[in-house]
Peer 1: 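The structure that follows is given in the form of structure tokens.
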Amino acid sequence: MSKNTPKAIRGTQDIFGADAESFAFVVETFERVRKLYRFRRAEFPVFEKTEVFARSLGETTDVVSKEMYSFEDRGGDSLTLRPEFTAGIARAYLSNGWQQHAPLKIATHGALFRYERPQKGRYRQFHQIDAEIIGAGEPQADVELLAMADHLLKELGIEGVTLHLNTLGDAASRDAWRAGLIDYFGAVRGELSEDSQERLDKNPLRILDSKDPRDKAFLADAPKIDAFLSDEALAFFDSVTKGLDAAGVKWKRAEALVRGLDYYRHTAFEFIPDEGSAAAKALGAQSTILGGGRYDGLMKSLGGPDTPAVGWAAGIERLAMLVGERNQEPVELAVIPLGKDEELKAIEVAQSLRLSHFATELFVRGNMKKRFNRADQAGANAAIIIGADELASGLLQFKDLKTGEQTALSLDAIIERSWDLRFADDMEAMDDQLSELEQEVRALGEQD
RNA sequence: GCGAUCGUAGUUCAGUUGGUUAGAACGCCGGCUUGUGAUGCCGGAGGUCGCGGGUUCAAGUCCCGUCGAUCGCCCCA
């Protein structure tokens with residue numbers, strides 16, 4: 001931390017070590033799960049014309065009005081670093097004529113930018129994984145998308161998180177509800193918190209999840225969306241919930257759950273840690289780890305044809321905080337030359353081992369003790385030791401670092417022995433998993 | 001954007017009511033008769049105490065500003 005070196009920009013992070021491993025684990029798991037549901041991988045620009053976000057998110061939303069990184073490029077166009085994925089994906093769908101692929105299941109991940117006050121789990125440059133189904137108006141699309149989200153969280157080993165589900169109805173239902181809320185809260189305007197008085201004008205739905213005690217007094221009797229739902233909207237929501245039950249996805253109705261962005265219709269959802277859970281503690285003030293909904297209105301706001309779509313996004317940093325400590329994979333083989341004269345041979349051997357798919361590292365610094373020490377700490381199964389005698393004979397010393405047993409072997413024999421060692425490791429891991437499973441089964445038996 | 005707490009070696013921290021060359025642990029580097037490791041021993045490098053200004057004979061320690069982190073609000077992933 002010296003005086004004159006550049007510092008990272010506020011709200012950005014250099015991710016390394018265990019955090020980086022967790023981050024990679026989230027992304028890798030997402031990639032694996034997304035293939036099971038046949039979502040296609042796509043990449044999108046990090047910046048778009050400002051209007052892409054302004055028109056789709058709504059000018060009055062906080063994201064657009066005060067959180068975007070916008071700038072003028074050299075040609076005088078107003079551009080914006082993407083604050084979210086959906087608008088850019090919608091733009092790509094329209095400008096590339098991807099209607100031909102509808103219904104299009106698409107997945108992506110990457111960096112997003114929002115000018116906000118940084119906190120734990122909230123950054124100015126942050127990363128999301130994202131999944132969308134575009135051109136599908138059926139409730140089955142909502143179900144599949146949510147089933148994938150639920151599946152992903154299971155694969156990540158995240159527990160104590162519940163799917164909170166709501167419907168905002170179709171455009172007419174939503175508008176009628178909104179009007180009802182304005183009437184209701186407007187009558188008691190003076191008694192609401194300052195924030196909610198402002199919400200009344202900007203986004204009245206948001207008053208419903210206010211934490212201010214002054215507002216909470218009025219929440220119980222506020223008009224419910226259910227009273228405004230058209231028969232079609234009701235039937236749609238019913239299909240979604242039945243589908244989730246069929247897929248074995250647990251959910252909880254959350255009547256006050258609304259989404260901040262204007263383009264949402266029908267299904268809205270968030271995966272939120274249960275109160276008091278370890279997950280809730282790990283996230284600090286941030287609660288939602290994955291959120292999304294149906295946005296049938298979006299394409300039209302970008303000048304395209306009416307196109308139904310559903311999607312969700314999840315914060316990679318937030319998920320990474322919940323997957324527990326992950327460390328770098330250990331080395332399998334350590335190659336240790338005894339001195340300078342053996343270094344070239346060591347390089348040759350190490351390269352052969354890597355080409356044979358063993359994670360291999362050379363240890364050439366420090367005295368013998370240090371070399372072995374490092375090899376050991378890096379988790380090596382075995383060390384290949386090369387000295388003058390080995391150079392002469394062509395047989396290398398192969399030392400099993402767990403048993404200490406050491407033999408002179410040819411390179412081919414070393415590769416064979418190394419496969420055996422790896423296999424033994426794998427068997428051990430499988431045994432562990434098996435006994436864990438057995439314990440679970442036994443615990444289940446005792447419950448009954 | 002609002003309120004609060006904090007900021008000392010690479011890391012985690014200690015620094016007594018402001019008083020001489022700022023400490024520890026871990027990590028890093030070297031060595032312990034240079035062909036062998038998981039706990040050992042010896043030695044070493046590394047900090048203008050976030051940055052700038054002020055008060056004082058004297059400031060890591062007090063005051064102001066600034067930057068950053070953290071906690072809550074707002075908003076959201």
Side-chain angles (χ1 to χ4, degrees), chain A residues 1-13 16-17 26 57 60-67 83-86 109 111-130 149 193-196 198-199 202-203 206 209-212 258-261 270-273 281 283-292 311-322 334 336-342 363 365-380 382-391 397-406:
Chain A
M1 231 182 275
S2 53
K3 49 269 121 171
N4 212 7
T5 55
K7 281 186 288 189
I9 292 176
R10 177 172 209 199
T12 65
Q13 18 164 25
F16 176 72
V26 170
L57 301 181
T60 61
T61 56
D62 277 15
V63 171
V64 170
S65 61
K66 46 191 191 201
E67 294 176 1
E84 57 124 39
F85 275 118
T86 309
H109 66 82
L112 304 168
F113 305 84
R114 249 125 82 170
Y115 191 87
E116 290 185 279
R117 186 84 174 258
Q119 274 179 37
K120 195 198 324 186
R122 175 209 259 185
Y123 308 95
R124 288 185 172 180
Q125 176 179 336
F126 61 105
H127 303 81
Q128 288 185 344
I129 50 179
D130 180 279
S193 66
E194 294 77 16
D195 282 334
S196 284
E198 206 178 310
R199 290 186 183 110
K202 270 172 51 184
N203 194 349
R206 273 276 157 208
D209 56 4
S210 169
K211 290 165 196 155
D212 194 297
V258 297
R259 307 246 72 213
L261 308 179
E270 292 178 8
F271 284 80
I272 303 175
K281 275 184 207 110
L283 285 170
Q286 320 310 321
S287 56
T288 304
I289 57 170
L290 184 154
W312 57 250
I316 298 177
E317 287 88 347
R318 290 185 189 176
L319 291 172
M321 287 191 282
L322 302 181
I336 303 180
L338 291 173
K340 276 259 175 275
D341 294 342
E342 293 85 25
F363 293 87
R365 301 180 71 174
N367 57 25
M368 274 303 119
K369 163 150 181 162
K370 289 255 153 70
R371 295 182 193 199
F372 274 90
N373 224 323
R374 287 205 187 86
D376 204 49
Q377 274 167 14
I384 290 95
I385 302 137
I386 308 172
D389 297 348
E390 286 73 27
L391 272 189
Q397 292 296 327
F398 182 85
K399 179 168 186 171
D400 184 320
L401 287 174
K402 304 236 159 74
T403 64
E405 180 192 337
Q406 185 168 327

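To find a chain, count down the sequence lines: A is the first, B the second, and so on, and within it residues start at 1.
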Peer 1: To the nearest angstrom, how far is A/Lys66 atom NZ from B/C75 atom P?
Peer 2: 8 Å

Peer 1: Without decimals, in angstroms, what is the distance between A/Ile316 CD1 and B/C76 C1'?
Peer 2: 16 Å

Peer 1: Rounded to the Å, how far apart are A/Asp212 CG and B/C2 P?
Peer 2: 19 Å

Peer 1: For A/Arg10 and for A/Arg117, locate the closest nucleotide of RNA chain B by heavy-atom distance; then report the residue assigned to the nucleotide nearer the 5' terminus.
Peer 2: A/Arg117

Peer 1: Would you name the heavy atoms of A/Leu319 and A/Ala314 that are closest together and state the gap between them?
Peer 2: CD1-CB, 3.8 Å

Peer 1: Looking across every strand, which nucleic acid part, if any, lies under 4.0 Å from A/Leu290 by heavy atom: base, sugar-phosphate, or nothing?
Peer 2: sugar-phosphate

Peer 1: A/Gln13 has an atom CD; how far is it from atom C1' of B/A69, in whole Å?
Peer 2: 12 Å

Peer 1: When rounded to the nearest Å, what value does the distance between C1' atoms of B/A25 and B/A9 take?
Peer 2: 12 Å

Peer 1: Using whole Å, report how far CG of A/Asp209 lies from P of B/C76.
Peer 2: 8 Å

Peer 1: Distance between the C1' atoms of B/C28 and B/G47, in whole angstroms?
Peer 2: 15 Å

Peer 1: P atom, B/U5 versus B/C63: distance in rounded Å?
Peer 2: 12 Å

Peer 1: Among B/A77, B/U70, B/C76, which nucleotide has an atom closest to any side-chain atom of A/Glu116?
Peer 2: B/A77

Peer 1: Heavy atoms only: give me the nearest A/Gly404-A/Lys399 pair and the separation to one decimal.
Peer 2: O-CE, 3.7 Å

Peer 1: Could you check whether any side-chain N or O of A/Arg318 sits under 3.5 Å from a backbone N or O of A/Gly121, counting only pairs where one atom can act as donor and the other as acceptor?
Peer 2: yes

Peer 1: So which atom in A/Ala375 and which in A/Ala334 form the shortest heavy-atom distance, rounded to 0.1 Å?
Peer 2: CB-CB, 3.5 Å

Peer 1: Is A/Ala313 touching bases, backbone alone, or none of the nucleic acid, heavy atoms closer than 4.0 Å?
Peer 2: sugar-phosphate

Peer 1: May I have the distance from A/Gln377 (atom CD) to B/G27 (atom C1'), rounded to whole angstrom?
Peer 2: 10 Å

Peer 1: Is it the case that B/C75 (base atoms only) and A/Arg122 (side chain only) share a donor and an acceptor within less than 3.5 Å, ignoring hydrogens and angles?
Peer 2: yes

Peer 1: When the P atoms of B/G60 and B/U21 are compared, how many Å lie between them, rounded to an integer?
Peer 2: 10 Å

Peer 1: Does A/Tyr123 or A/Thr12 map to a spot on RNA chain B nearer the 5' end, using the closest nucleotide for each?
Peer 2: A/Thr12

Peer 1: As a test of your reading of the structure, name each stem of RNA chain B as range with range, where a stem is three or more consecutive Watson-Crick or G-U pairs at under 3.5 Å.
Peer 2: B:1-7 with B:67-73, B:10-13 with B:23-26, B:28-32 with B:40-44, B:50-54 with B:62-66

Peer 1: Regarding A/Gly339, tell me which of base, sugar-phosphate or nothing describes its non-hydrogen contacts under 4.0 Å with the strands shown.
Peer 2: nothing

Peer 1: Mind listing the closest non-hydrogen atom pair of A/Ala388 and A/Glu342 along with its distance?
Peer 2: N-OE2, 3.3 Å

Peer 1: For the side chain of A/Arg206 and the base of B/C76, is some donor closer than 3.5 Å to an acceptor across the two?
Peer 2: no

Peer 1: Mind checking A/Gly11 for me? I need base, sugar-phosphate or nothing, with any heavy atom below 4.0 Å counting as a touch.
Peer 2: sugar-phosphate

Peer 1: Please report the distance, rounded to the nearest Å, between CD1 in A/Ile9 and C1' in B/C67.
Peer 2: 13 Å

Peer 1: OP1, OP2 of B/C73 versus side-chain N and O of A/Lys211: anything below 4.0 Å?
Peer 2: yes

Peer 1: List for me each residue that meets salt bridge (Lys or Arg N to Asp or Glu O under 4.0 Å) alongside A/Lys66, sequence neighbours excluded, and say none if there are none.
Peer 2: A/Asp62

Peer 1: Using the C1' atom on both, measure B/A45 against B/G50 and round to a whole Å.
Peer 2: 23 Å

Peer 1: When you measure from the side chain of A/Arg122 to the backbone of A/Arg117, do you find a donor-acceptor pair of N or O atoms at a distance under 3.5 Å?
Peer 2: yes

Peer 1: For residues A/Glu390 and A/Gln397, report the shortest heavy-atom separation together with the two atoms involved.
Peer 2: OE2-CG, 3.2 Å

Peer 1: Expressed in whole Å, how much space separates the C1' atoms belonging to B/G52 and B/G68?
Peer 2: 15 Å

Peer 1: So A/Glu84, base contact, sugar-phosphate only, or nothing? Heavy-atom distance under 4.0 Å.
Peer 2: nothing

Peer 1: Taking atom C1' in both B/C57 and B/G18, what distance in whole Å separates the two?
Peer 2: 12 Å

Peer 1: Strictly under 4.0 angstrom, non-hydrogen atoms only: write out the protein contact profile of nucleotides 30-36 of chain B, one letter per nucleotide from the 5' end, B, S or -.
Peer 2: BBB--BB

Peer 1: Mind checking side-chain hydrogen bond (donor to acceptor under 3.5 Å, both in side chains) for A/Glu198 and listing every partner two or more places apart, or none if nothing turns up?
Peer 2: none

Peer 1: Could you pull out all residues at least two apart from A/His127 that satisfy ring-ring contact (aromatic ring centres under 6.0 Å, His included)?
Peer 2: A/Phe23

Peer 1: For A/Asp341, enumerate each residue passing the salt bridge (Lys or Arg N to Asp or Glu O under 4.0 Å) test, keeping only those at least two apart in sequence or located in another chain.
Peer 2: none

Peer 1: What distance, rounded to whole Å, do you find between the two P atoms, one in B/G7 and one in B/C62?
Peer 2: 10 Å

Peer 1: Measure the distance from CD1 on A/Ile272 to P on B/A77 and round it to the nearest whole Å.
Peer 2: 11 Å

